[in-house]
Each structure stands twice: as structure tokens, then as C-alpha cells.
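Working notes, beginning with the structure itself.
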Amino acid sequence: MEDSGQLEAALEVAKNQLAAAESDLLDARRRVHQLRAAVYSLSELVAEHGLRAGQESLFGADPAPGTRTEIRTGASAAPQSQLDRADASPTDRAVAILSDAGRPLRMKEIREEWERRRWVDPKWRAPASAINMIYQRALKAGKVGRMADGSWVLPIAVQDEIARRRQDLGGGDPADA
């Protein structure tokens, strides 16, 4: 009897700790969504105004003509030939599409890009569902993230890893291309 009471007390403590941890997790996810939105918004603002390292102010005088930073497209986390191989990881392809875009993408845009790159397997009975599942798996693996509006993005850690890989391959700073 005494053991039963101890087990029930331990169960209550565990339930309370679980509830607190779940609440903390929800708060952390909300914070991640807010910070992700802020980072992408600020990135767009910097790109729009052509702010560069060492430049004093984003506001004030209009940027000089031709100083606007363009979003890089056409480069991926791995060379295109590696991603076109039949054994290329679908999650690597998912990351490559978001990396190439340089901005959050909605699922419709992602599906169109998969089709444009001819990565949709003709054996797939429901290509839209298959692509969505690939992104869900990549989300679980931490390779992609979601914005509050449902668009897909690359987490900062993944962006940093891609930039390091490009520098190691002699690609230089992705922002310079």
C-alpha cells in the first residue's frame, strides 16, 4: 500500500514536470517563430536598402544607385550534379531549394521548384503529399523551419553551415555573388 502511494505521488510530480516542460516548449517555439520573422524581415530591409558592413545608417539618404543587394539564386548547399544523382537525399534537396531562394517559400512555390528541377519521381502517386512529407521530415531533423505564416525557411544554423561549406569549396561569401 505504501509503495502505491509513493508511485502515485511520483506520477503526479512527473505529470506536473511534463506540463511545465510542454509549456516551456510552446513558449520557446513562439519565441523561435518571432525571432525567425524578425531576422527575415531585417534581412529584407537590409537587402532593400543595400546596407553593407561598416555603413553607418540604414535610414537617411537613399542608397547609391546599384548598391542594392540582390538575393542570390542558382547556388545550392551541394553542387547541382550531386543533387541530381538518383541517390541524393530528399532532405538535402529540400534544403537546397530554400537555400537557393534565400527567402521563405510557401509550399506551392516549393512544389513548382521541385517540378522545374525535375526532382518529382514519376512513381509518386501523390507528388504534393510526397514533397510535403519530405519537408515534414526535414523539419523534424532540424534542417528546415516554419514561419508563423506557414512558409518554409532555413534555420540560421543551417544557413551558417551552408555558408561555411561554400567558403571551404572556394565559393567565398554567398552575399558577394
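All of these numbers come straight from a predicted model, not from anything done at the bench.
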Residues Glu161 and Arg165 bridged, charged N to O under 4.0 Å: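 Salt bridge flag = yes for Arg165 with Glu161.
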Distance check, rounded to the nearest 0.5 Å: [X] atom [atom1] versus [Y] atom [atom2]?
{"X": "Ser151", "Y": "Ile110", "atom1": "OG", "atom2": "CD1", "answer": "8.5 Å"}
{"X": "Glu22", "Y": "Leu25", "atom1": "CD", "atom2": "CG", "answer": "8.0 Å"}
{"X": "Ile131", "Y": "Glu115", "atom1": "CD1", "atom2": "CD", "answer": "6.0 Å"}
{"X": "Lys15", "Y": "Glu8", "atom1": "NZ", "atom2": "CD", "answer": "9.5 Å"}

Validation row: Arg93, Ile134 side chains within 4.5 angstrom (heavy atoms):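 The answer is no, as the side chains (C-beta and beyond) never meet within the 4.5 Å cut-off.
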So, do Leu154 and Ile162 sit near enough that their side-chain heavy atoms are less than 4.5 Å apart?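 The answer is yes, as the side chains (C-beta and beyond) meet within the 4.5 Å cut-off.
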Side chain of Arg111, backbone of Asn132: donor and acceptor closer than 3.5 Å?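 Not a single qualifying donor-acceptor pair exists.
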Which atoms form the tightest heavy-atom contact between [X] and [Y], and what is the distance?
{"X": "Val120", "Y": "Pro127", "value": "CG1-CB, 3.6 Å"}
{"X": "Lys143", "Y": "Val158", "value": "O-CG2, 3.6 Å"}
{"X": "Trp114", "Y": "Ala94", "value": "CZ2-N, 4.1 Å"}

A cation-pi test, strictly: NZ or CZ of Arg106 under 6.0 Å from the centre of the six-membered ring of Trp152 and no more than 45 degrees from its axis. Yes or no?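 Judged by the rule (NZ or CZ under 6.0 Å from the ring centre, within 45° of its axis), Arg106 is not positioned above Trp152.
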